[in-house]
Every structure is written in C-alpha cells, then in structure tokens.
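Along the sequence shown, residues carry numbers from 1. Note that these values count all heavy atoms, side chains included, but never hydrogens, waters or copies made by symmetry. In this text, all values refer to a predicted model and were calculated from it rather than measured experimentally.
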Amino acid sequence: MSATTTVPVHLPHQPSAAVALDDAAIAAAAARIARVFRPTPLHAAPGRDAFLKLENLQVTGAYKVRGAFNAVAARWERGQRQPLLCASAGNHGLGVAWAARHFGLPATIIVPAGAAAAKVRGCQALGAQVIVGGDSVESCLSRAEALASSSGAGLLHPFDDLDVIAGQATVAVELLSFAPDVVLVPIGGGGLAAGVAAVCKRRGVRVVGVQVTGLEAFRRAWLGQTGPSSSALLSATLADGLRVARPGRLTVPLCAASLDDVVLVDEEQIAATMASLALNEKIIAEGAGAVAVAALPQVAGRRKVAIVSGGNVDAAVLAKVAARAAA
C-alpha cells in the first residue's frame, strides 16, 4: 500500500505539477499538534448506531485549528515569520488567530458579510483584526490575495494548502486505534476530506464526504461535472462553513484518488440533527458540524464514525432550530 497520495494538478501561474501528501508530512503534523492539543473525544451514539468524533470540543470549537496551527508551525520552522492573513467563513479564521497568538504574530481575518457573530467575536478575542471582505468566501479570498500582495503578509488558504491538509489529516490519525470501517466527513472546500481520506484509504477504511443540497460545487468537481454550480445561488444555509462555490485545486484531485463517495443532506435534516444533538445528547454542533451526523442513515457500516466538525453556532440560531424541533 502506497505511503504517498500523488496527483497531477495545475496551479495558478505555474505549469502542471505533481502534488503529494505523504505519511511523513502527516506524521510531522501529528507530532506538532500532539505537543499543543489533546485528542478530541469519541462519543458513542447508540441511537445513531455510530460514534461521533467531537471536534466541536477543540480549543477553538472546530477542527480548523489543526490545519492552521500545523501550517503556521511549519512556516515558523522554515523561518517564515511574517504577519498572518486569511479569508474564512469563521472557523479557519479562529484557527489562524489562535496559531498567531501562540507564535506571537499579528493576524488579519477577512470574513464575508453575515459571518456568524460567535466566530467573529472569537477571532477578535484572540487578538486578530477582522475585516468584512464581501458576500462570499471567494470574494474574501480575492481581497486577501490582493492585501497579501501589497502588504507582504503570509496568506494562509483555508483548504488549498498541503500543510493545512496535513493538519486536518490528524483527525483521522486519532481514529486509527478505534479501527472504524467508514468515516463520514463534511465537505466545503475539501481540506478535511482530503486529509482524512489520505490517512484512511491506505488502511482500508472507507471515507464518505457529505455536502448540502445546493452547496454541491465539490461533489460536481469530484464527479468531473462541468458548468455553473448552484452553490453561488444558495444565499442562506445553516451550514455556513460549507458555503464554498469553488473547491480546491489541490483538494479535488487528492480526493479523487482516495474518497469513496459523496452524499447530500438538506436544510431540514441539518436543523433536525442540530436540535437532536443539543437536546438529546447535549452536543452543540453548528450546521456544518451536524451534516456528517445527518448523513449517517445513508451510509452502511459496522463501525461508523461521523466527524462533528465544529460547534461555533450563534445562540439565536441554535434556539431557533431547537424551538422548531420542540414544536
């Protein structure tokens, strides 16, 4: 079984290149993260016939801090110590802000209008500057690229960065001793799925990605479909962290080599799952954090694990979905 996932990919302003995510990079990420973070718990959910990997209990409330911290730590080791800059729906920004504070670096987070207030406040509490950069992650990325070019800050992409992907892969590293037969992963840009699948595929574990109906840009690209995506048309979703209209240049080919399937859930399923997790299992999950759990009935498996990727949800949103479920 190969220890390296290598795919051809065309990077902007560069010729075609082979991009590899190997065991050495993931092992280095795991070592960096183990020095700073404790593993998140694995929760048995008998009523769902599955286990839940509770990344909502991560230090920033989401798995994204793994990739952000690993990427900043790797840059630090290479002597790259400039101020940090990123575009984010919120959780990647929290991760970058946390890593920046850890290393004593300034950080600027560019978020879309309407970003969850809990995520914005969290970034600010960690000492980062927050700028509203447009109405989508894509517009924020464009602004971040321009600002990085003019300021010399180090831009940290939310998913199209091998160090970020290697950091996200450590979620799966923590699952290996449990020996799951299938892992369900939420997908926006695909960084978590690419990392988890790279670890699991080599060990015979199936990985199923989960997207939201109307937010299917990644699934379309993974299936090789062309044409306009409906992602840009969905203006409101509980899964704000997955509202990505253009998936990664790295993540799609990496997942093409190792992801087994991509399934869809809708807004009603997400809302019902958020409410059920909160009311019945005392687990607070944001919309993006609930999608893998919502998809559990669609996926067969003997030892299923769904990743609860984050819990940074505004209180008003959680109250609304809980009240609807109670009614």
Side-chain angles (χ1 to χ4, degrees), residues 40 54-69 71-72 84-101 107-144 147 155-161 164 167-168 171 185-192 211-212 215 218 231 234-248 270 274 284-292 307-318 320-321:
T40 53
L54 299 182
E55 285 294 300
N56 60 314
L57 299 182
Q58 190 53 265
V59 292
T60 59
Y63 78 94
K64 285 278 192 177
V65 71
R66 294 174 182 265
F69 178 81
V72 176
L84 299 174
L85 174 67
C86 77
S88 170
N91 283 336
H92 177 62
L94 281 165
V96 171
W98 196 97
R101 189 178 70 169
T108 301
I109 317 300
I110 302 180
V111 302
K119 298 175 182 179
V120 171
R121 287 196 301 268
C123 291
Q124 292 169 332
L126 288 166
Q129 179 186 13
V130 178
I131 299 173
V132 176
D135 60 359
S136 68
V137 170
E138 287 70 32
S139 61
C140 292
L141 277 168
S142 295
R143 182 162 181 184
L147 186 56
L155 179 62
L156 197 59
H157 198 283
F159 47 84
D160 242 359
D161 181 298
V164 169
Q168 318 306 26
V171 176
V185 184
I187 296 182
L192 179 61
Q211 289 212 278
V212 182
L215 290 174
F218 185 94
S231 299
L234 186 59
S235 59
T237 176
L238 288 167
D240 60 290
L242 304 183
R243 190 170 182 261
V244 175
R246 293 195 302 270
I270 298 169
M274 290 174 67
I284 303 302
E286 61 187 274
V291 298
I307 298 175
V308 181
S309 59
N312 294 314
V313 57
D314 288 345
V317 173
L318 186 60
K320 184 176 180 180
V321 297

side-chain hydrogen bond (donor to acceptor under 3.5 Å, both in side chains) filter on Gln168, not counting sequence neighbours, yields none
side-chain hydrogen bond (donor to acceptor under 3.5 Å, both in side chains) filter on Asn56, not counting sequence neighbours, yields none
Show the nearest heavy-atom pair for residues [X] and [Y], with the distance to one decimal.
X: Thr60; Y: Asn312; value: O-ND2, 3.0 Å
X: Ala290; Y: Met274; value: CB-CG, 3.7 Å
X: Ala288; Y: Leu242; value: CB-CG, 3.7 Å
X: Pro247; Y: Phe218; value: CB-CD1, 3.6 Å
X: Val96; Y: Cys86; value: CG2-SG, 3.8 Å
X: Gly241; Y: Ala89; value: CA-CB, 4.2 Å

Practice task
Please report the C-alpha distance between Ile109 and His92 in whole Å, then the side-chain angles of each, then the deciding distance to 0.1 Å, and finally whether the side chain to side chain contact (heavy atoms under 4.5 Å, CB included) criterion is met.
Solution key: CA-CA 9 Å; Ile109 317 300; His92 177 62; over 6 Å; no
Exercise. Give the C-alpha distance, both sets of side-chain angles, the deciding distance and a yes or no for side chain to side chain contact (heavy atoms under 4.5 Å, CB included) between Leu84 and Leu156.
Key: CA-CA 7 Å; Leu84 299 174; Leu156 197 59; 5.5 Å; no
Ser139-Ser136 side chain donor-acceptor pair, cut-off 3.5 Å
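Indeed, the side chains of Ser139 and Ser136 share at least one donor-acceptor pair under 3.5 Å.
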Judged by modelled atom types alone, do Gln58 and Thr40 share a side-chain donor-acceptor pair under 3.5 Å? no
Check for a donor-acceptor pair, side chain of [X] on one end and backbone N or O of [Y] on the other, with a separation under 3.5 Å.
X: Asp135; Y: Gly114; result: no
X: Arg143; Y: Ile131; result: no
X: Gln211; Y: Ile187; result: yes
X: Lys64; Y: Pro158; result: yes
X: Asp161; Y: Val164; result: yes

Find the distance between [atom1] ([X]) and [atom2] ([Y]) and round it off to the nearest 0.5 Å.
X: Leu192; Y: Phe159; atom1: CG; atom2: CZ; result: 12.5 Å
X: Ser142; Y: Leu147; atom1: OG; atom2: CG; result: 12.5 Å
X: Leu238; Y: Lys320; atom1: CG; atom2: NZ; result: 8.0 Å

Next item on the list: Side-chain contact test, heavy atoms from C-beta onward, threshold under 4.5 Å: evaluate it for Val171 versus Ile307 and give yes or no.
Entry: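 The answer is yes; the side chains approach within 4.5 Å.
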Worked verdict on Val65 versus Asn91 for side chain to side chain contact (heavy atoms under 4.5 Å, CB included)
CA-CA 8 Å; Val65 71; Asn91 283 336; over 6 Å; no
Fill in: side chain to side chain contact (heavy atoms under 4.5 Å, CB included) evaluation trace for Arg246 with Val137
CA-CA 9 Å; Arg246 293 195 302 270; Val137 170; over 6 Å; no
Contacts table for residues 115-126: side-chain donor-acceptor under 3.5 angstrom, sequence neighbours left out:
| residue | atom | partner | partner atom | Å |
| --- | --- | --- | --- | --- |
| Lys119 | NZ | Asp240 | OD2 | 3.0 |
| Lys119 | NZ | Glu286 | OE1 | 2.7 |

